[in-house]
Amino acid sequence: PRPPKTTGRGDDVVRSSPMPVSLGWTADRALSALLEALDEGALIFDERQLCRVAGRRVAELLGADPRHLVGQTRRSLVDLIADATSAPATVHALHDEALSHGSTVADPIELLRPHPRTLVWTSIPISDPAGIIGRVDILRDVTRERHAEQASAEMARRLEEASTTDELTGLSNMRRFEEEAQREHRRSQRAW
């Protein structure tokens, strides 16, 4: 076995014992496997806000090759996505100067290209005792969930309408009359 790696800045040293070389296991391979398995898009930026890792899924969401995303600045990637949205101001909230020391979320982002979809973008700082040393940005496609929410709200509206309207005449039915009578009774009690 090799000696443990030493990582860190200044006097803050973190020692990690490496996995045995015979297993063929490295952190890079683990990260690659994780990014392949994720259903969300992931971007990892260093302390200079340069993209160091771009997952397969983020490239699919943006219609780009992940190798072309690596090495770009975070600002250029935010601008790339802002250009593909219906409301660029939502995405501009993710520019470096607008980010806080905590997580920042942009929701919803309506992408128009390469395919119309709705995203939630979460940016999470990577920090050590010296401060923020990078960011992990997660792009989650919520298109199906939002369509399901809209369909559910529409169904509830139609159900409410059907339950308070007479089908034959289109007029309010007895249930609607009782609801309105109770509402008016409560209003009159408040107003004496």
Side-chain angles (χ1 to χ4, degrees), residues 26-128 130-165 170:
T26 66
D28 290 339
R29 287 185 188 156
L31 182 59
S32 294
L34 177 64
L35 291 176
E36 279 296 313
L38 284 176
D39 195 34
E40 289 84 16
L43 296 165
I44 301 175
F45 298 93
D46 65 13
E47 65 277 357
R48 296 173 303 172
Q49 298 302 313
L50 290 177
C51 181
R52 291 296 174 200
V53 178
R56 164 197 58 84
R57 183 71 172 129
V58 76
E60 289 173 11
L61 292 171
L62 301 179
D65 184 349
R67 293 174 297 213
H68 293 128
L69 300 176
V70 173
Q72 290 193 33
T73 63
R74 188 170 187 288
R75 183 177 199 86
S76 67
L77 292 175
V78 169
D79 289 341
L80 173 76
I81 294 172
D83 290 342
T85 67
S86 58
T90 305
V91 180
H92 288 301
L94 292 163
H95 274 300
D96 302 339
E97 58 275 1
L99 295 174
S100 66
H101 290 290
S103 295
T104 303
V105 178
D107 177 21
I109 298 172
E110 300 291 338
L111 276 186
L112 302 175
R113 52 183 193 273
H115 303 290
R117 60 183 82 218
T118 305
L119 300 178
V120 174
W121 184 335
T122 306
S123 184
I124 306 157
I126 303 169
S127 53
D128 72 357
I132 294 177
I133 58 169
R135 294 194 86 80
V136 174
D137 286 17
I138 306 294
L139 282 78
R140 192 165 76 93
D141 186 352
V142 295
T143 307
R144 286 185 184 163
E145 290 93 339
R146 298 295 162 92
H147 285 302
E149 289 169 3
Q150 289 170 351
S152 178
E154 176 62 19
M155 183 62 76
R157 185 193 65 75
R158 289 175 57 204
L159 183 60
E160 176 66 26
E161 185 179 296
S163 67
T164 60
T165 307

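A quick note: this is a predicted structure, and the numbers were derived from the prediction, not measured.
Qualifying side-chain contact (heavy atoms from CB on, under 4.5 Å) partners for Glu161, counting only residues two or more places apart in sequence or in other chains: Arg157, Thr165. By the side chain to side chain donor-acceptor pair (under 3.5 Å) test, Ser163 is found to be paired with Arg175, residues two or more places apart in sequence or in another chain being considered. Here Glu110 pairs with nothing under the salt bridge (Lys or Arg N to Asp or Glu O under 4.0 Å) rule; sequence neighbours left out. Gln72 is linked by a side chain to side chain donor-acceptor pair (under 3.5 Å) to Ser76, counting only residues two or more places apart in sequence or in another chain. Listed by chain and residue number, Arg146 satisfy the salt bridge (Lys or Arg N to Asp or Glu O under 4.0 Å) test with Asp107 (two or more places apart in sequence, or in another chain).
Looking at every heavy atom in both residues, Leu69 comes nearest to Cys51 through O-CB, 3.4 Å. Closest heavy-atom contact between Arg113 and Asp83: NH2-O, 2.7 Å. Ser103 and Ile124 get closest at one heavy-atom pair: OG-CG1, 3.7 Å. Contact detail for Ala106 and Thr90: the closest heavy-atom pair is CB-O, 3.8 Å. Shortest non-hydrogen contact noted between Leu50 and Gly71 is CD2-O, 3.7 Å. Residue Trp121 comes nearest to Arg74 through the heavy atom pair NE1-NH2, 4.3 Å, listed as atom of the first residue, atom of the second, then distance.
Atom CG in Leu139 sits 5.5 Å away from atom CG in Leu119 (nearest 0.5 Å). Atom OG1 in Thr118 sits 10.0 Å away from atom CD1 in Ile109 (nearest 0.5 Å). Separation of atoms CD (Glu145) and CD (Glu149) is listed at 7.5 Å; rounding is to 0.5 Å.
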Using atom types as modelled, flag every donor-acceptor pair under 3.5 Å from a side chain in residues 53-65 to any protein atom, sequence neighbours excluded.
from: Arg56; atom 1: NE; to: Glu36; atom 2: O; distance (Å): 3.4
from: Arg56; atom 1: NH1; to: Glu60; atom 2: OE2; distance (Å): 2.9
from: Arg56; atom 1: NH2; to: Glu36; atom 2: O; distance (Å): 2.9
from: Arg56; atom 1: NH2; to: Leu38; atom 2: O; distance (Å): 3.1
from: Arg57; atom 1: NE; to: Asp39; atom 2: O; distance (Å): 3.0
from: Arg57; atom 1: NH1; to: Glu60; atom 2: OE1; distance (Å): 3.3
from: Arg57; atom 1: NH2; to: Asp141; atom 2: OD2; distance (Å): 3.4
from: Asp65; atom 1: OD1; to: Arg67; atom 2: N; distance (Å): 3.2
from: Asp65; atom 1: OD1; to: Arg67; atom 2: NE; distance (Å): 3.4
from: Asp65; atom 1: OD2; to: Arg67; atom 2: NE; distance (Å): 3.2
from: Asp65; atom 1: OD2; to: Arg67; atom 2: NH2; distance (Å): 2.7

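You'll find the side chain of Arg117 reaches within 4.5 Å of the side chain of Leu111, heavy atoms only. Contact of the Val136 side chain with the Leu43 side chain is not registered, since no non-hydrogen atoms from C-beta on lie closer than 4.5 Å. Arg135 places a side-chain heavy atom less than 4.5 Å from the side chain of Thr104.
Without hydrogens or angle criteria, Thr122 side chain to Val105 main chain gives no donor-acceptor distance under 3.5 Å.
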